[in-house]
Amino acid sequence: MKAQSPNSIKVLSGKSHPALANSICDILGIKVSRIMIKRSVNEESVISVGETMRDDDVYIVQTGCGEFEVNDHLMELLMMIRACKSASARKVTVVIPNFPYARQDRKDKSRACITAKLMANLLQTAGADHVITMDLHASQIQGFFTIPVDNLYGEPSVIAYIKENIPYKESIIISPDAGGAKRAASLADKLDLKFALIHKERQKANEVSRMVLVGDVKDKVCIIVDDMADTCGTLAKASDTLLSHGAKKVLAIVTHGILSGNAISNINNSSLDSVVCTNTVPFDSLMDQCPKLKKIDISPTLAEAIRRLHNGESVSYLFTHSAIV
Amino acid sequence: MRNLVVFSGSSHPALVKDICSYLCISPGDAQLTKFKNGETSVTIKDSVRNKDVYVVQSSNGHVNDMFIELLIMISACKSASAKKVTAILPLFPYSRQPDVPFQKAGLPHSQTQPNTPIVNKEAYFNNLSDARSVINFKEQTSNYKEWVVQTGTLIADLLTQSGADHIITMDLHDPQFQGFFDIPVDNLYFKPLLISYITQNVPNYKDSVVVSPDAGGAKRAISIADTLGLNFALIHKERRNIRSAKHASGYSLSASVSSLSLVHDHNANTANANIGKSTSSTTMLVGDVKDRDCIIIDDLVDTSSTVIRAAKILKDQGAKSVVAIITHGVFSGDAIERIKRSNIDKIVVSNSLPQSENVAKFSGSAFEVIDVSRIFGEAVRRIHNGESVSILFDHAL
């Protein structure tokens, strides 16, 4: 095989999370590449790349977020991929910390669309060569792609946060639903803590009816672990359930703090002590309205993944260790 | 009709109702909502197994939302074992996006850069900083020419990838767009309805002049002028220099060019502000319109500056009246207000996009809508039955 000449990294940012792209670039010691993303008057997006991409290793940072803009961000991501690809980039990697439509990952009722699969197809059609994402709702989504997918874990960063900020020896890890049991159990194992599970009977999407606690939480600091916080209704209810079973304090750590709908008032009015989210989704503007919100910065993990990918090193290390800035 | 289901996206249910009533069926039941996190949710309620499915989605309002919704609907039908999925896009999204907006000389092309006011290139790039946090682009200054996505191919690829087997659309801005697809594309024409409208509703149409508001639309307008046996005039905006007026006269074709007039247009409402070197542009009218009724023909009215500018020039050159007949009425921003204040006496559009709100905004007879649901309905019927669609290209129903 012909040895390829070394090429440079280019990081492009979509409109969804420029702050994350910025801090990734700070760590990598480069600048975010020039790109113009504009919505014209008829609400179509216009993308124009302001730097040469020829033979470069291009990383596009775009996350799934925004109550009214998810699809805009998606279209713009697809257009950016195609723009770089048709500008002769050597390789286009999509850094999509919160994968959009990750929860539509199966045919749960008749004629439902497996939208996550559709997203995988669209990204590949647009020209993506590699995908970096984080805490996929179901890791099977990786199988929807025929290109390599690096599903990074928020867990190492979460462990570091817990060790630094929480008197964790007297804590217990809680999974708010049966689906997250594996995630919570793995975290509990790594911290050598006990773990309990809340089983909920769900009637409608985004609505929770009754909760049953499995395990003993008396006089413990409860850490609820989940991959996604949407309206936070589930978290608030879980917190009430835990406190009524004698828990000392309840806090929640989630990877993707989407915080849509009336999430902020739900958190403020809840018995939760704090809600800690990673910055896969931007929520800085909400932190003023909600003092209970706290942030874990995962840009070092993403930056390190980009560095390793670019240099052809193994990424496995990041599955168990949090990156150090 | 057997084994035929027509679903409506959320962009234009009224058109789908009309198409369905033409076909004597009721629209398929699909529930289109959004999850709390803003993701689109589609539930197809009617069975589509082994059926011929048509999904209708125009591109008005929140275009990206509409387009993703269409992709999800197609994918849902396809994975629910539909025999064939046809996407009907009365107005094709991104069909008009400039492939390369800046020419070699740094000048935006008058036709492919439609009415997007670009004030300052640097501010243009810093636009990203609107979003939540600031990225500093200012330090980098290079002579690199921006690379713009060829969205047309991308849109075609995305539709094909999501599972569409067939595309039906109307009056594509660029006929080449059909070539971007590997699946069949039926590009229907508004022209037959437009011709019957002119013959029935324009008094003394035989003395009218058909006008194309820009060089890019000349072919479309000429074909209408030829069919009706009318004279033809062309408005051409030349941004480089006056000398090129010579080659513009080459556009005259079969239409009569009785005079060549040059009008200096210093009106800076168009997208020429970023040219820098020369801010004034030259607009030429090729053809005689004095004391004539003018019919402006175009495929799309968006911000309306092209058509308004054309009407002004026509009136300045002594036109008696100006009627604009345009296929797709997008009317972004304050387009309607500007049209009401302009020299346009009447504007006629098709209902390829929802127009009921716009009808309300125009009082009286200055605005008219031509119903195209029959064309789409008949196309669906013919495609479903495996008949030829060609007849729709030339004949009104």
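Reminder, nothing fancy here: chain letters follow the sequence lines and each chain counts from 1. Being a predicted model, the structure only gives us computed values, none of them experimental.
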Peer 1: When only pairs under 4.5 Å are counted, which of B:T153, B:D65, B:D157, B:N64 shares the most heavy-atom pairs with chain A?
Peer 2: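 Of B:T153, B:D65, B:D157, B:N64, B:N64 has the most heavy-atom pairs under 4.5 Å with chain A.
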Peer 1: At a heavy-atom distance under 4.5 Å, which candidate from B:S59, B:G61, B:C77, B:P93 has the highest pair count against chain A?
Peer 2: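 Top option by heavy-atom pairs under 4.5 Å: B:G61.
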Peer 1: In plain terms, say whether A:D230 and A:R103 are close enough for a salt bridge, that is, a side-chain N and a carboxylate O under 4.0 Å apart.
Peer 2: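 Result for this pair is yes, salt bridge flagged.
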Peer 1: Please determine, by modelled atom types, if A:N279 and A:D297 share a side-chain donor-acceptor pair under 3.5 angstrom.
Peer 2: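 Indeed, the side chains of A:N279 and A:D297 share at least one donor-acceptor pair under 3.5 Å.
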Peer 1: Does any heavy atom of chain B fall under 4.5 Å from the side chain of A:Q104, the backbone, both, or neither of them?
Peer 2: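 Contact with chain B involves the side chain of A:Q104 alone.
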Peer 1: Heavy-atom distance under 4.5 Å to chain B: side chain of A:K109, backbone, both or neither?
Peer 2: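 Interface part for A:K109: side chain.
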Peer 1: Select one option (side chain, backbone, both, neither) describing which atoms of B:D46 are under 4.5 Å from chain A's heavy atoms.
Peer 2: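 Answer is backbone: N, CA, C or O of B:D46 sit under 4.5 Å from chain A.
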Peer 1: Side chains of A:N71 and B:H62: donor-acceptor distance under 3.5 Å anywhere?
Peer 2: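 No, no side-chain donor-acceptor pair sits under 3.5 Å.
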Peer 1: When you compare the side chains of B:S352 and B:H328, does any donor N or O come within less than 3.5 Å of an acceptor on the partner?
Peer 2: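 Side-chain D/A pair, B:S352 to B:H328: present.
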Peer 1: Select one option (side chain, backbone, both, neither) describing which atoms of B:T160 are under 4.5 Å from chain A's heavy atoms.
Peer 2: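 Neither part; nothing is under 4.5 Å.
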Peer 1: Can you say whether B:L71 sits under 4.5 Å from chain A via the side chain, the backbone, both, or neither, judging by heavy atoms?
Peer 2: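 Backbone plus side chain of B:L71, per the 4.5 Å heavy-atom cut-off to chain A.
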Peer 1: So which part of A:A112 gets closer than 4.5 Å to some heavy atom of chain B, the side chain, the backbone, both or neither?
Peer 2: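 Backbone only.
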Peer 1: Please name the residue in the list A:H73, A:K15, A:E76 that meets the side chain to side chain donor-acceptor pair (under 3.5 Å) test with A:S45.
Peer 2: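 Checked A:H73, A:K15, A:E76 against A:S45; only one passes side chain to side chain donor-acceptor pair (under 3.5 Å): A:E76.
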Peer 1: Contact part of B:I44 toward chain A, heavy-atom cut-off under 4.5 Å: side chain, backbone, both or neither?
Peer 2: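 Both parts, backbone and side chain.
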Peer 1: Looking at B:S79, B:S81, B:G333, which makes the most heavy-atom pairs under 4.5 Å with chain A?
Peer 2: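 It is B:S79.
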Peer 1: I'd like to verify something: which residue of A:I114, A:I258, A:T115, A:L122 has the highest number of heavy-atom pairs under 4.5 Å with chain B?
Peer 2: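 Max contact count across the listed options: A:L122.
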Peer 1: Can you tell me how far CD of A:Q289 sits from OG of A:S265, rounded to the nearest 0.5 angstrom?
Peer 2: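 A:S265 OG to A:Q289 CD: 10.0 Å, rounded to 0.5 Å.
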Peer 1: Which answer fits B:K78, side chain, backbone, both or neither, if we ask what part of it has an atom under 4.5 Å from a heavy atom of chain A?
Peer 2: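 Contact with chain A involves no heavy atom of B:K78 at all.
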Peer 1: Ignoring hydrogens and geometry beyond distance, is a side-chain donor-acceptor pair present between A:N42 and B:Y94 at under 3.5 Å?
Peer 2: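 Short answer, no.
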Peer 1: With a 3.5 Å cut-off and sequence neighbours excluded, list the donor-acceptor pairs that the side chains of residues 3-10 of chain B form with protein atoms.
Peer 2:
residue	atom	partner	partner atom	Å
B:S10	OG	B:E69	OE1	2.8
B:S10	OG	B:E69	OE2	2.9

Peer 1: With a 4.5 angstrom heavy-atom cut-off, is it the side chain or the backbone of A:L74 that approaches chain B, or both, or neither?
Peer 2: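 Side chain of A:L74 only, per the 4.5 Å heavy-atom cut-off to chain B.
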Peer 1: Taking every heavy-atom pair that is under 4.5 Å apart, which of B:S332, B:G163, B:A80 has the most such pairs with chain A?
Peer 2: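 That would be B:S332.
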Peer 1: Which residues pass the ring pair (Phe, Tyr, Trp, His ring centres under 6.0 Å) test with B:F331, not counting sequence neighbours?
Peer 2: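 Testing B:F331 for ring pair (Phe, Tyr, Trp, His ring centres under 6.0 Å), a comparison that skips the adjacent residues, returns B:F367.
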